[in-house]
Amino acid sequence: MPLSLYDTLSREILPVRPMDGETLRFYCCGPTVYGPAHIGNFRTFVMQDVFRRVVEAGGMATRHVRNLTDVDDKTIRRSQEEGRSLAEFTAAWTVRFHADCAALGILPPHVEPSAVAHLPEQIALIERLIEKGHAYRAHDGSVYYDVRSFPGYGKLSRLAEREITTDAPEREQADEYDRHSAADFALWKAARPEDGPNRWPSPWGEGRPGWHIECSAMAMKHLGESFDLHSGGVDLVFPHHENEIAQSEAATGRPFARHWFHVAHLTVEGRKMSKSLGNLHILEDLAARGHRPMELRYVLISGCYRQPLNFTFASLAAARKALARLADWQRRLGGPPDFLLPGEEDFGPFGPVYDALLSDLNTPEALGRLHRIGREVVAAAEGGTLPPQEFETARHGLALVLQCLGLDLSETDTTAPPAPEAPAWVQALAAERLDARRRRDWDEADRLRDQIKEAGWLVRDAPDTSTLEPLGPPIAT
RNA sequence: GGCGAGGUCGCCAAGUGGUAAGGCUGGGCUCUGCAAAAGCCCCAUCGCGGGUUCGAUUCCCGCCCUCGCCUCCA
């Protein structure tokens with residue numbers, strides 16, 4: 001059974017099938033590498049990752065391309081502010097992005113093309129559009145796409161051209177002077193003084209590519225003129241993806257991507273994420289509050305990708321508990337098997353979890369089923385009512401399902417959290433209490449426990465010893 | 001104004017034309033010197049008003065409210 005997924009273009013849930021019958025080729029709009037990616041960015045990347053894992057678990061090969069936008073207004077401006085070359089600046093943020101993705105268990109794409117490394121492809125595509133009469137050169141050496149030359153313009157976002165032009169803000173007025181229509185967008189931007197050394201030669205003079213053209217050029221280069229699926233955050237529907245379609249289909253005369261997969265946005269504690277609210281959280285912020293990346297991943301897949309998801313620190317704490325439980329079950333089922341054989345028939349009792357994922361990537365339903373089935377299976381295994389062979393199937397199925405969700409529980413050992421060392425004086429109290437406990441002086445032991453608790457530490461007794469752990473995640477100030 | 005999404009237990013969040021998954025929190029119990037952990041159990045009639053229907057949270061209409069996009073923000 002193939003994965004069914006909502007398609008933004010047709011507004012229908014459609015099966016996702018490779019058009020070549022072998023490899024599912026898909027493109028994801030990647031990050032602009034000018035700073036750390038925030039949790040909203042990661043919602044999209046995590047969902048794209050789950051998508052890929054689910055497809056691959058069904059035995060299908062994939063070819064995953066995700067670009068790096070490393071030349072645009074922001075990268076140019078920021079790099080200059082810091083006095084670094086554009087290449088040096090974007091390389092540093094790319095390293096950071098890769099590290100964050102790895103922490104979140106996001107599989108690296110098979111190809112990760114960079115925009116600056118694909119200038120010839122972009123220029124060639126623009127030339128092709130000019131030749132076909134879909135683009136024109138402005139006086140300053142910029143090149144614009146002629147939106148009116150493409151009848152299908154607006155089909156993805158359902159925005160009539162009339163709407164786009166009527167209320168266009170009065171920004172970039174200088175450019176508008178040269179544009180045939182306010183809806184026309186730049187394919188090539190003529191160099192400006194403030195761009196500094198960040199300019200490249202082209203048939204139209206020095207400049208740099210517009211934003212949208214990079215994805216068209218790189219997707220076509222690495223996936224072909226027509227491919228299976230294209231993905232990004234909902235905000236990219238318009239104008240980015242609308243423009244990509246216009247550019248690509250006008251140039252090739254062929255359908256660009258067959259399926260469009262968009263991930264809804266995140267709110268934070270019920271409010272829109274924004275710089276001014278200071279809630280554009282990044283992985284670093286969460287770590288400072290004692291949260292692991294996997295906890296964020298769990299939160300990010302706990303809602304339907306088509307619905308806005310409300311991120312809260314309470315849900316992060318809930319995720320920690322839920323992960324600990326899953327890790328416990330996995331341990332009690334004998335731990336993950338040494339190797340996994342992907343295939344729908346191998347999910348054993350966890351088949352319904354995978355079915356939920358195949359049904360429009362319903363991750364919350366999948367998590368619900370995972371908890372319900374997991375509880376039953378573990379109880380049966382420990383109650384002795386699970387035949388040995390089914391025990392092995394369950395163990396394997398659980399691992400497969402966790403792999404689809406990308407939940408790596410290896411770091412989730414509840415008995416040994418990455419707890420910071422308690423201050424020496426708290427440890428001294430704990431040692432004192434352990435003595436009292438060994439003397440069976442319960443009153444003294446309880447008194448010391450309370451004292452330690454007030455200091456923010458929990459005493460956890462084992463038969464012959466005790467350990468300390470912080471009471472809840474530290475609250476960032 | 002245009003296009004679109006949504007209002008389900010204290011919080012997060014699925015789902016269905018026949019009386020509502022799951023996680024967290026909370027309450028009870030088992031275990032434990034106590035506590036923690038673990039386990040078991042309990043906890044919602046689905047924004048408001050109409051309509052269709054044997055029956056609606058699920059379909060239709062109206063209203064209220066929230067949110068997203070409408071030129072470079074995932």
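Small disclaimer: the values here were computed from a predicted structure and weren't measured. Protein chains get the first letters and strands the later ones, always in sequence-line order, with residue 1 at the start of each.
Distance check on atom C1': U52(B) versus U25(B) gives 40 Å, rounded to whole Å. Comparing the C1' positions of C65(B) and C48(B) gives a spacing of 10 Å, expressed to the nearest Å. Between the P atoms of G62(B) and G4(B), the separation comes to 14 Å (whole Å). Distance noted for atom P between U8(B) and U58(B): 14 Å (whole Å). On the C1' atoms, C54(B) is 26 Å away from A44(B), given to the nearest whole Å. Atom P of G68(B) sits at a distance of 15 Å from the matching atom of A13(B), rounded to the whole Å.
The nucleotide U19(B) finds no pairing partner, because no Watson-Crick or G-U wobble arrangement with both distances shorter than 3.5 Å includes it. Applying the Watson-Crick and G-U wobble criteria (two distances, each under 3.5 Å), G33(B) pairs with nothing in any strand. In this entry C63(B) has G47(B) as its Watson-Crick or G-U wobble partner, both defining distances falling under 3.5 Å. Applying the Watson-Crick and G-U wobble criteria (two distances, each under 3.5 Å), G26(B) pairs with C42(B). Nucleotide G68(B): paired with C3(B) (Watson-Crick or G-U wobble, both distances less than 3.5 Å). Look at U52(B): it lacks any Watson-Crick or wobble partner with both distances under 3.5 angstrom.
With sequence neighbours left out, Arg11(A) forms a salt bridge (Lys or Arg N to Asp or Glu O under 4.0 Å) with no residue at all. Taking Lys272(A) as the reference, nothing meets the salt bridge (Lys or Arg N to Asp or Glu O under 4.0 Å) condition, with sequence neighbours excluded. In this structure, the salt bridge (Lys or Arg N to Asp or Glu O under 4.0 Å) partners of Glu382(A), at least two apart in sequence or on a different chain, are Arg332(A). Residues that satisfy the side chain to side chain donor-acceptor pair (under 3.5 Å) test with Ser10(A), not counting sequence neighbours, are Asp7(A). Residues passing the ring pair (Phe, Tyr, Trp, His ring centres under 6.0 Å) test with Phe45(A), sequence neighbours excluded: Phe97(A). Residues satisfying the salt bridge (Lys or Arg N to Asp or Glu O under 4.0 Å) criterion with Glu206(A), sequence neighbours excluded, are Arg199(A). Legend: residues meeting side chain to side chain donor-acceptor pair (under 3.5 Å) with Arg449(A), ordered by chain and number and at least two apart, are Asp461(A).
Dashed line: the shortest gap from a side-chain N or O of Asn362(A) to OP1 or OP2 of G15(B) is under 4.0 Å. Residue Gln307(A) places none of its side-chain N or O atoms closer than 4.0 Å to OP1 or OP2 of A5(B). In this model, the phosphate group of G4(B) is approached by a side-chain N or O of Arg11(A) to a distance below 4.0 Å at OP1 or OP2. An OP1 or OP2 oxygen of U66(B) is reached within less than 4.0 angstrom by no side-chain nitrogen or oxygen of Lys272(A).
Counting any heavy atom pair closer than 4.0 Å across all strands shown, Val237(A) reaches no nucleic acid atom. Among the atoms of the strands shown, base atoms are found under 4.0 Å from some heavy atom of Met273(A). Residue-level contact check: Gly303(A) touches the backbone only, with heavy atoms under 4.0 Å from sugar-phosphate atoms and none from bases. Counting any heavy atom pair closer than 4.0 Å across all strands shown, Arg332(A) reaches sugar-phosphate atoms only and no base atom.
A salt bridge is absent between Asp435(A) and Arg439(A): the closest approach of a Lys/Arg side-chain nitrogen to an acidic carboxylate oxygen does not fall below 4.0 angstrom. At a threshold of 4.0 Å, the pair Asp355(A)-Arg369(A) does not count as salt-bridged, since none of the basic side-chain nitrogens sits closer than that to a carboxylate oxygen. Here Glu295(A) does not pair with Arg289(A) in a salt bridge; the nearest charged N to carboxylate O distance is not below 4.0 Å. Electrostatic pairing of Asp195(A) and Lys189(A) does not count as a salt bridge here, judged by no charged N lying under 4.0 Å from a carboxylate O.
Nearest nucleotide to the side chain of Leu309(A), out of A36(B), A13(B), C69(B): A13(B). The Asn310(A) side chain lies nearest to C12(B) when the options are A36(B), A74(B), C12(B).
We find that the ring of His265(A) and the base of A74(B) stack, their centres lying under 5.5 angstrom apart and their planes tilted less than 30°.
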What string of B, S and - do you get for nucleotides 18-24 of chain B, 5' to 3', if B is base contact, S is sugar-phosphate-only contact and - is no contact with any protein heavy atom under 4.0 Å?
-> ---BSSS

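Below the 3.5 angstrom threshold, one finds a donor paired with an acceptor across the side chain of Lys189(A) and the base of C72(B).
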Which atom pairs link the protein and nucleotides 28-33 of chain B when you take only N or O atoms and keep those under 3.5 Å?
| unit_1 | atom_1 | unit_2 | atom_2 | d |
| --- | --- | --- | --- | --- |
| G33(B) | O6 | Arg433(A) | NH2 | 3.2 |
| G33(B) | N1 | Asp446(A) | OD1 | 3.2 |
| G33(B) | N2 | Asp446(A) | OD1 | 3.0 |
| G33(B) | N2 | Asp446(A) | OD2 | 2.6 |

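The distance from atom OH of Tyr34(A) to atom P of C72(B) is 12 Å, rounded to the nearest whole Å.
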